Amino acid sequence: MTSTELELPAWGVASPKRRAHIARVTELALAWADAMRIERAEREAWRDATRWHDALRDANEAELRAIVPHLDWPATLLHGPAASARLAEDGERRSFVLDAIFWHTIGNVTWDRTGRVLYMADYLEPGRQFDRRERAALAARVPADFDGAFRAVVMRRLGEKLEKGEKLRPESADLWESVQ
């Protein structure tokens, strides 16, 4: 899948660079699904969660807050909840897909495999410039050691925040505690 083949909802706001990222995230998740021989319905959930997760990443803060006015989160975290809300308005009924998208920047301990896949693929996609070798090794590990790879990604993603002195959101802290 190339970024030009990527299907976003009509209301999506994603630059070409963002679309390329989304395409890489989706390709990685689908490669894992193939390697793990995931059944069709779950594979489609992984595809949809990954292709829609950043559908509103390039929307402005006012647009995002208008969609999710009840959230007092920082603007950089609103695109997931806003995309999830718009998808639900459009008729998406798979709660696990909506939850994966809603929480993909923060993490959530209640996720099923779809949320975990999105969280890992978003972090491990090969277009990101940092720690390429280590992240590629983690990505390669996912099909054979899904739970171990997820634990390692959570430890890295949230550990980096803690090392910088950032305070974790309660949902992130719960996820952090769950993998300790």
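Bear in mind that the values here come from a model prediction, so they are computed numbers and not experimental data.
Linking Ile, Leu, Val, Met, Phe, Trp and Tyr residues whenever their side-chain heavy atoms come within less than 4.5 Å places V68 and W11 in a single cluster. Note: the hydrophobic cluster containing L168 also contains V153 (ILVMFWY, side chain heavy atoms under 4.5 Å, direct or indirect links). A chain of hydrophobic side-chain contacts below 4.5 Å, direct or via other Ile, Leu, Val, Met, Phe, Trp or Tyr residues, connects L87 to Y119. Residues M120 and M36 are members of one and the same hydrophobic cluster, defined by side-chain heavy-atom contacts under 4.5 angstrom among Ile, Leu, Val, Met, Phe, Trp and Tyr.
A donor-acceptor distance shorter than 3.5 angstrom exists from the side chain of S172 to the backbone of I106, with no hydrogens or angles considered. Of the possible donor and acceptor atoms, none in the side chain of T114 sits under 3.5 Å from a partner among the backbone N and O of V97. With hydrogens and angles ignored, the 3.5 Å screen pairs no side-chain donor or acceptor of R57 with any backbone N or O of G80. Proximity of a side-chain donor or acceptor of R18 to a complementary backbone N or O of V13 within less than 3.5 Å is not detected.
With rounding to the nearest 0.5 Å, the separation of NE2 in H53 from CG in D48 is 13.0 Å. Between D147 atom CG and R116 atom CZ the span is 6.0 Å, to the nearest 0.5 Å. To the nearest 0.5 Å, atoms CZ (R51) and CD1 (I101) are separated by 9.5 Å. Within the model, atoms CG of L77 and OG1 of T105 stand 4.5 Å from one another, a figure rounded to the nearest 0.5 Å. Taken to the nearest 0.5 Å, the NE2 atom of H104 stands 15.0 Å off from the OH atom of Y123. Atoms CG and OG1, from L28 and T50 in turn, are 9.0 Å apart once rounded to the nearest 0.5 Å.
Put simply, the side chain of I67 reaches to within 4.5 Å of the side chain of L56, judged on heavy atoms. Residues L175 and F150 form a side-chain contact, since some pair of their non-hydrogen atoms from C-beta on lies under 4.5 Å apart. F146 is listed as a side-chain neighbour of V117, based on a closest heavy-atom distance under 4.5 Å. At least one side-chain heavy atom of V25 sits under 4.5 Å from a side-chain heavy atom of L118. Side-chain atoms of L124 and W32, non-hydrogen and from C-beta on, do get closer than 4.5 Å to each other.
Residue pairs meeting the salt bridge (charged side-chain N to carboxylate O under 4.0 Å, His left out) criterion with at least one partner in residues 153-162, sequence neighbours excluded, are D131-R156, K161-E166. Contacts classified as salt bridge (charged side-chain N to carboxylate O under 4.0 Å, His left out) and involving residues 70-92 (residues at least two apart or in different chains) are given here: R86-E89, E92-R94. Note on residues 30-40: pairs passing salt bridge (charged side-chain N to carboxylate O under 4.0 Å, His left out), not counting sequence neighbours, are D34-R43, R40-E44. Counting only residues at least two apart or in different chains, ring-ring contact (aromatic ring centres under 6.0 Å, His included) contacts with residues 159-180 are absent.
Across all their heavy atoms, D174 and V109 have their closest contact at O-CG2, 4.1 Å. Nearest heavy atom pair, residue E125 against residue D122, reads CG-O, 3.9 Å. Smallest separation of non-hydrogen atoms from A149 and R141: N-NH2, 3.6 Å. The heavy-atom pair separating W46 from A29 by the smallest distance is CE3-O, 3.5 Å. R132 and P126 get closest at one heavy-atom pair: NH2-O, 3.5 Å. The two atoms that bring L138 and A152 nearest to each other are CD2-CB, 3.5 Å, heavy atoms only.
Take W103 and apply the ring-ring contact (aromatic ring centres under 6.0 Å, His included) test, not counting sequence neighbours, and it matches W73. For E134, there are no salt bridge (charged side-chain N to carboxylate O under 4.0 Å, His left out) partners two or more places apart in sequence or in a different chain.
Taking the centre and axis of the six-membered ring of F130, the NZ or CZ atom of R135 falls inside the cone set by 45° and 6.0 Å.
Neither side chain, H79 nor D58, offers a donor N or O lying under 3.5 Å from an acceptor on the other.
Remark: D145 does not engage R151 in a salt bridge, criterion side-chain N to carboxylate O under 4.0 Å.
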